[in-house]
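Structure below; questions to follow.
All heavy atoms count here, side chains included; hydrogens, waters and symmetry mates do not. Proteins get letters first, then strands, A, B, ... in listed order; numbering begins at 1 in each.
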Number of protein chains: 2
Amino acid sequence: MVTSERPAGSDRAGLTDALVQASFMTMAVLSRIGAEHDLSLTSLRVLAILRDRRLKMTDLADYLGLDQSTMTGLVDRAEKRGLLERLRNPTDGRAVDVRISPAGAELAQRLHADVVRSLAPMIDLLPRPEQRRLRTLLERMLTPS
Amino acid sequence: MVTSERPAGSDRAGLTDALVQASFMTMAVLSRIGAEHDLSLTSLRVLAILRDRRLKMTDLADYLGLDQSTMTGLVDRAEKRGLLERLRNPTDGRAVDVRISPAGAELAQRLHADVVRSLAPMIDLLPRPEQRRLRTLLERMLTPS
DNA sequence: TATTGTTATACTCTATAACTATA
DNA sequence: TATAGTTATAGAGTATAACAATA
């Protein structure tokens with residue numbers, strides 16, 4: 001779970017705990033950066049996802065694992081702040097597309113740079129070659145090739 | 001000018017992205033497991049933290065990076081469900097200690113096992129020796145030794 | 001005076017249920 | 001009928017400000 005003690009039964013438990021702990025640390029950084037711009041973790045994610053994509057409300061909700069009604073509120077608030085735009089879907093009259101605005105794209109870029117910069121102190125606790133190894137291992141775990 | 005070496009900013013960006021992606025994946029698993037027991041990610045964490053510790057409200061809030069007033073509500077709800085107990089702090093009349101209850105400890109153990117089991121499919125995408133390497137790298141990053 | 005915790009308040013996030021419009 | 005999206009509603013999570021009790 002969160003604590004770092006390892007029940008001496010399974011090998012997997014140790015890696016699980018390390019992964020969970022690293023995740024909470026990462027999320028804390030993302031949360032702080034979001035909060036500095038009045039953005040929740042979810043809004044941060046929406047912005048990141050829409051950086052290079054235009055999606056229907058439904059697809060966005062599926063992507064985030066949220067209900068459609070939740071998406072409505074999220075997009076409402078982001079649109080009101082000028083970060084996103086709602087558009088008519090050209091092929092389905094019921095659907096609504098969401099696209100990032102120029103201001104939103106600019107913010108998203110700044111946020112990403114901020115995340116990289118904020119995680120650097122943690123990452124740099126590893127020497128460069130180990131950083132590369134860690135990245136490779138994580139990517140192999142994320143991409144069931 | 002401080003950096004005369006090849007800055008490898010893109011190196012760091014790659015690891016950052018992998019770390020963020022792995023974290024979101026991990027958090028999704030934790031959220032789902034929490035939701036199955038009507039627990040938020042934060043409540044899940046509280047339970048995990050108190051598994052082997054008894055803490056003052058303030059220390060708990062600091063640990064989680066939350067305001068004290070937020071802790072009040074979290075502990076209220078968990079206490080009402082019989083998962084935690086409030087206790088008088090023996091040395092400071094203002095302070096309130098929080099301790100996990102027997103029922104809470106039992107649930108926490110079940111949750112931890114659930115997390116290990118749920119992350120196993122992802123973890124097992126790596127062969128065992130690589131799992132050990134990943135764990136070592138993560139722990140080295142988490143523990144500024 | 002400073003610290004600990006709670007309460008009051010307000011806003012965001014979230015899901016469920018009911019609704020409208022389109023397919 | 002089924003799907004896409006919104007609205008209404010309710011509850012949890014969160015912070016800020018004001019407060020009481022204790023140090």
Under-4.0 Å side-chain N/O to phosphate OP1/OP2 contact, B:Arg86 with C:dT6: yes
Backbone N/O of B:Ser101 and side chain of B:Glu85: donor-acceptor pair under 3.5 Å: no
Spacing of A:His37 atom NE2 and A:Leu107 atom CG [to the nearest 0.5 Å]: 6.0 Å
Scan the side chains in residues 56-66 of chain A for donor-acceptor partners under 3.5 Å anywhere in the protein, sequence neighbours excluded, and list what turns up.
| from | atom 1 | to | atom 2 | distance (Å) |
| --- | --- | --- | --- | --- |
| A:Thr58 | OG1 | A:Gln68 | NE2 | 3.2 |
| A:Tyr63 | OH | A:Arg53 | NH1 | 3.4 |

Euclidean distance, atom CG of residue A:Leu60 to atom P of D:dT6 [Å, nearest integer]: 11 Å
Sugar-phosphate, base or nothing in reach of B:Asn89, heavy atoms under 4.0 Å: nothing
B:Ala18 backbone acceptor or donor facing A:Glu139 side chain under 3.5 Å: no
Interatomic distance where CD belongs to A:Gln68 and C1' belongs to C:dA21 [whole Å]: 14 Å
Whole-Å gap separating C1' (D:dG5) and CZ (A:Arg88): 15 Å
B:Leu64 CG to D:dA15 P, straight-line distance once rounded to whole Å: 10 Å
A:Arg99 and its side-chain contact (heavy atoms from CB on, under 4.5 Å) partner, picked from A:Leu50, A:Leu55, A:Leu87: A:Leu87
Members of residues 38-59 of chain A that approach DNA chain C, where some heavy atom sits under 4.0 Å away: A:Ser40, A:Thr42, A:Ser43
Contact under 4.0 Å: B:Thr72 side-chain N or O vs C:dT6 OP1/OP2: yes
Lys/Arg-Asp/Glu bridge criterion (N-O < 4.0 Å) met for B:Asp114, B:Arg32: no
Closest-nucleotide 5' rank along DNA chain C - winner of A:Asp67 and B:Met71: B:Met71
Length of the CG-C1' vector between A:Leu74 and C:dC11, whole Å: 13 Å
Nearest-nucleotide 5' precedence on DNA chain D, A:Arg94 against A:Gly73: A:Arg94
Interatomic distance, A:Leu83 CG vs C:dT12 C1' [rounded to whole Å]: 15 Å
A:Arg77, nearest nucleotide to its side chain (from C:dC13, D:dA12, C:dT4): C:dC13
Protein-nucleotide distance (A:Met27, atom CE; C:dC13, atom C1'), rounded to Å: 16 Å
Proximal nucleotide (of D:dA15, D:dT7, C:dT4) relative to the B:Leu66 side chain: D:dA15
Distance-only donor-acceptor test (3.5 Å): side chain B:Ser69, base D:dT16: yes
Distance, nearest 0.5 Å, that separates CG of A:Leu47 from CG of A:Leu84: 6.0 Å
